[in-house]
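Below: one structure, written as structure tokens.
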Amino acid sequence: MSQVNITLPDGSIRTFPSAVKGIEIAQSISEGLARNALAIEVNGEIWDLSRSIQQDAAIRIFTWNDKGGKYTFWHSSAHLLAEALEALYPGVKFGIGPPIENGFYYDVDLGDRAFGEEDLLAVEKKMAELAKANNAFQRSEVSKADAIGYFTQKQDPYKVELLNDLADGSITFYKQGNFTDLCRGPHIPHTGLIKAIKLTNVAGAYWRGNEKNKMLTRIYGITFPKQKELEEYIHLLEEAKKRDHRKLGKELELFAFSEKVGMGLPLWLPKGTILRERLEQFMRKAQVKAGYDPVVTPHIGGKQLYVTSGHYEKYGKDSFQPIHTPDEGEQFLLKPMNCPHHCEIYKVKPRSYKDLPIRLAEFGTVYRYEQSGELHGLTRVRGFTQDDAHIFCRPDQVKEEFVKVIDLVLFVFKSLGFENYTAQVSLRDPDNKSKYIGADELWERAEREIQEAADERGLKTVAVKGEAAFYGPKLDFMVKDALGRSWQLGTIQVDYNLPDRFELEYIGSDNQRHRPVMIHRAPFGSMERFVAVLIEHCAGNFPLWLAPEQIAVLPISEKFNDYAKQVLDTLKDRDIRGFLDDRDEKIGRKIRDAEVSKVPYMLIVGEKEAAEGKVAVRKHGEGDKGALLLSEFASQYASDFAMPS
RNA sequence: GCCGGGGUAGCUCAGGGGUAGAGCAGCUGAUUCGUAAUCAGCAGGUCGUGAGUUCAAAUCUCAUCCCCGGCUCCA
């Protein structure tokens, strides 16, 4: 056998006399690496460490510190979970068990057996026991016929179904202990590396993600090479739960829900309303600057409006049903979108090419019927307000306008400190074009323009197929919540279809009629979802300009209530929001309550301050900042209180 | 909508066939205080809702509503 040249990530080359295993390469580098190695990347493909490399290759050894290492570890953990389940529940049928961003899951069919949270502990225990056995993950190549034979005999119909879609010659099995699974791999060397195991939750999941299929039981878990890392992870989760906007929204009295009003219909409480209105003012100001014209339209629209737009055909059945008038038999729909109304505004008079672009903006409240199981705090609701606008422009203006909107979205994100977002180009599902309206050529053009605009602003994008709106592709800005769930906030969409359907026109310089192009855009997305993500982002400690209450004036005792009142009034005159805590409580108590309710500044006033016209400034989370003249405080902190622009 | 879990005072939670509990919040009184909880007293619940089993149901059964975790969906 000829020698093998292995190129390491640093570019150096090691030569081995014959085929070499990943683990041997690791050993040749260092004992420590060999001990921590989980998998190896061979020419871009991840392999088991025990697999022989026959030819020259560029490699990279994965440990727990690499994403690839974690994925391999969790993938193997999923197999361990399956092994435990088979040991505890003979006859269990297996679906798929992949690694995910934080751990892994396995979808199983437990027959009629009910499986609840309590059962997780028993499975967890079994997994730990099996892990200790240090069973190696053994790879074997199998023919398709043998593979089908194995799972048919084992009565694992889901595996057989998966096998039917695989090509003969590329099928591998992995075995650890008594458990054999159909699997492409790779896996970690042996189960003993899995030291800490936590099964986190059970959920239903449709087989192959199709709601027409049987619902399997999905068991989620996470594992670590060290117990301490599991403890840290659990601690992290607990911290994340404290930021949950549903919890903070209740504690800080920002919003509430009522069964009588209806599920998914948020009630904005006074403090939440201040927050929301401040965001609206911020956006209004930015939009005036960017050349938008505010408009207002009703909450309902005639059915024909949505028949024209195509929304009725697409979503009519899955929407709130039409409202009927008692006498004339008219039908109205709660508006699920603002665009049709805005199209009608465009049409109120003939438009010239010189008028374009026309940018119509509205904080438009829309109502969408969401399945009950989908509702989630403020992030997924049935009634919400979009910071919507529609830009009607000439085809030659699309890219320039799109770029301007990207700038606006980035300005908003920057002003609010959102740094960890993903810009997602949402494209059509090429395998299911019937879900969409409009000509291929226009879709391709729109997709190209979005990508070009994003590139022009140096935006790093990921393209995701099947995520487009039914009338056009989108550029979506995705942000994660405290628990790692991804939500779409800002969105920008190019639309050649609605202008067609509404027969929008403008007179060009050639004196001919032309179709304008529409850009739908919402930098926040919706006020509800944006506020939800904002709450989690800052853990309820809002930027000063947004805080519902910016200052709390805390008199040391009743004797200084009058002075405290003067302080508050002076600051209110300067548009600073605050309140006076004149309860018969000790200062420690007043401070504690203000700290807990996350008021950014506490102004403590006692004998000294009253005599000298000062305030003792205490900053939330930081403590005493010393005394200042009231006028000094107002001017010194003025810029912090102001809205960014 | 589907699978699993849950709903007890305004909030956070205990109790699990035999008179409904705590802490915090609230109210009243005392206290007038210098940087994260002053003390005392009082009040507060048809145990989500509706049926059923039982001498007796917060507790057991069923249905239903809402909430939580996922799945599917998301104009």
Review point. Per the atom types in the model, does the base of B:G70 pair as donor or acceptor with the side chain of A:Tyr206 at under 3.5 Å?
Key: no

Check your understanding: Between A:Phe470 and A:Tyr315, does the ring centroid distance fall short of 6.0 Å?
Key -> yes

Review point. Are the ring centres of A:Tyr637 and A:Tyr601 closer than 6.0 Å?
Key: yes

**Study point:** Sugar-phosphate, base or nothing in reach of A:Phe257, heavy atoms under 4.0 Å
**Key:** nothing

Review point. For the base of B:C71, is there a side-chain donor-acceptor partner from A:Glu374 under 3.5 Å away?
Key: yes

Practice item. Grab the NZ-C1' distance between A:Lys598 and B:A36 for me, whole Å please. Key: 13 Å

Practice item. Please state whether the phosphate of B:U35, meaning OP1 or OP2, lies under 4.0 angstrom from any side-chain nitrogen or oxygen of A:Arg592. Key: no

Check your understanding: What's the CZ-P distance between A:Arg501 and B:A75, to the nearest Å?
Key -> 16 Å

Review point. Has A:Arg246 got a side-chain N or O lying under 4.0 Å from the OP1 or OP2 atom of B:G69?
Key: yes

Review point. Rounding to the closest angstrom, what is the interatomic distance between B:G5 and B:U38 at atom P?
Key: 44 Å

Exercise for review: Figure out the CE/C1' separation between A:Met215 and B:C2, and round it to whole Å.
Suggested key: 4 Å

Practice item. Establish, with yes or no, whether the OP1 or OP2 oxygen of B:C33 is under 4.0 angstrom from a side-chain nitrogen or oxygen of A:Lys559. Key: yes

Check your understanding: Atom CZ of A:Phe384 to atom P of B:C74: distance rounded to whole Å?
Key -> 13 Å

Check your understanding: Which is true for A:His376 with a 4.0 Å heavy-atom rule: it touches a base, it touches only sugar-phosphate, or it touches nothing?
Key -> sugar-phosphate

Review point. About how many Å separate CG of A:Asp495 and CZ of A:Arg501, when rounded to the nearest 0.5 Å?
Key: 10.0 Å

Exercise for review: Measure centre to centre between the rings of A:Tyr312 and A:Tyr306, then say whether the value is under 6.0 Å.
Suggested key: no

Exercise for review: Using a 4.0 Å heavy-atom cut-off across all strands, classify A:Gly606 as base, sugar-phosphate, or nothing.
Suggested key: base

Review point. Reckon A:Tyr105 touches a base, only the sugar-phosphate, or nothing at all at heavy-atom distances under 4.0 Å?
Key: nothing

Check your understanding: Across the strands shown, which category fits A:Ala616 at heavy-atom distances under 4.0 angstrom: base, sugar-phosphate, nothing?
Key -> base

**Study point:** Interatomic distance at C1', B:G29 relative to B:G69, whole Å
**Key:** 48 Å

Review point. Which residue, A:Leu216 or A:Glu467, contacts RNA chain B at a nucleotide closer to its 5' end, judged by nearest heavy atom?
Key: A:Leu216

Review point. Between NZ of A:Lys474 and CG of A:Leu427, what distance do you get to the nearest 0.5 Å?
Key: 11.0 Å

Check your understanding: Do A:Glu558 and B:U32 share a donor-acceptor pair, side chain to base, under 3.5 Å?
Key -> yes

Practice item. Please work out if A:Asn201 contacts a base, only the sugar-phosphate, or nothing of the nucleic acid, heavy-atom cut-off 4.0 Å. Key: sugar-phosphate

Exercise for review: Could you check whether A:Gly373 gets within reach of a base, just the sugar-phosphate, or nothing at all, counting any heavy atom under 4.0 Å?
Suggested key: base

Practice item. Rounded to whole angstrom, note down the P distance from B:U31 over to B:A36. Key: 25 Å

**Study point:** Gap in Å between the two P atoms, one belonging to B:G26 and one to B:U49, rounded
**Key:** 27 Å

Check your understanding: Do any side-chain nitrogens or oxygens of A:Arg485 fall under 4.0 Å of OP1 or OP2 in B:G69?
Key -> yes

Check your understanding: With a 4.0 Å cut-off on heavy atoms, is A:Glu313 in touch with a base, just the backbone sugar-phosphate, or nothing at all?
Key -> nothing

Practice item. Please state whether the phosphate of B:C2, meaning OP1 or OP2, lies under 4.0 angstrom from any side-chain nitrogen or oxygen of A:Lys212. Key: no

Check your understanding: Has A:Phe470 got its ring stacked on the base of B:A75, with centres under 5.5 Å and planes less than 30° apart?
Key -> no

Check your understanding: Aromatic ring centroids of A:Phe320 and A:Tyr367 under 6.0 Å?
Key -> no

Practice item. Assign A:Lys608 to base, sugar-phosphate, or nothing according to its heavy-atom contacts below 4.0 angstrom with the strands shown. Key: base

Check your understanding: Is the distance from OP1 or OP2 of B:G34 to the nearest side-chain N or O of A:Arg618 less than 4.0 Å?
Key -> no

Exercise for review: Report which part of the nucleic acid A:Gln488 touches: base, sugar-phosphate, or nothing (heavy-atom distance under 4.0 Å, all strands).
Suggested key: nothing

Review point. Which value, in whole Å, describes the distance between the P atoms of nucleotides B:G21 and B:A9?
Key: 14 Å

Exercise for review: Kindly indicate whether the side chain of A:Glu609 and the base of B:G34 share any N or O donor-acceptor pair separated by less than 3.5 Å?
Suggested key: yes

Exercise for review: Pick base, sugar-phosphate or nothing for A:Glu251, based on heavy-atom distances below 4.0 Å to the nucleic acid.
Suggested key: nothing

Practice item. Ignoring backbone atoms, establish whether A:Ser372 has a side-chain N or O less than 4.0 Å from OP1 or OP2 of B:G1. Key: yes

Exercise for review: Could you check which nucleotide pairs with B:C71 in any of the strands shown, counting Watson-Crick or G-U wobble with both distances under 3.5 Å?
Suggested key: B:G1

Revision key, fill the gap. In Watson-Crick or G-U wobble terms, with both distances under 3.5 Å, the base opposite B:U49 is B:A63

Review point. Would one find a side-chain N or O of A:Arg218 under 4.0 angstrom from OP1 or OP2 of B:C3?
Key: no

Point to revise | Separation between the C1' atoms of B:U8 and B:C66, rounded to whole Å | key: 16 Å

Point to revise | Counter-base of B:G44, judged by Watson-Crick or G-U geometry with both distances under 3.5 Å | key: none

Review point. Using a cut-off of 4.0 Å on non-hydrogen atoms, how would the nucleic acid contact of A:Ser319 be classed: base, sugar-phosphate, or nothing?
Key: base

Exercise for review: Quickly work out the A:Leu489 CG to B:C74 P distance and round it to whole Å.
Suggested key: 19 Å

Point to revise | Nearest-angstrom distance from the residue atom CG of A:Asp318 to P of B:C74 | key: 9 Å

Check your understanding: Base, sugar-phosphate, or nothing: which does A:Arg382 touch, judged by heavy atoms less than 4.0 Å apart?
Key -> nothing

Exercise for review: Could you work out the separation of B:G15 and B:G7 based on their C1' atoms and round it to a whole Å?
Suggested key: 15 Å

Exercise for review: May I ask you to say what A:Met263 touches in the nucleic acid, namely base, sugar-phosphate or nothing, with a heavy-atom cut-off under 4.0 Å?
Suggested key: sugar-phosphate

Review point. Can you tell me how far P in B:C13 sits from the matching atom in B:C68, rounded to whole Å?
Key: 14 Å

Practice item. Round to the nearest Å and state the distance from A:Asn102 atom CG to B:G70 atom P. Key: 12 Å

Review point. Rounded to the nearest Å, what distance is computed from the CG atom of residue A:Leu121 to the P atom of nucleotide B:G4?
Key: 19 Å

Exercise for review: With RNA chain B as reference, determine whether A:Asn210 or A:Ile587 sits nearer its 5' end, using the nearest nucleotide of each.
Suggested key: A:Ile587

Practice item. Please determine, for B:A9, whether a Watson-Crick or G-U wobble partner exists with both distances under 3.5 Å, and give it or none. Key: none

Practice item. Can you tell me the pairing partner of B:C39 across any strand shown, Watson-Crick or G-U wobble, with both distances under 3.5 angstrom? Key: B:G29

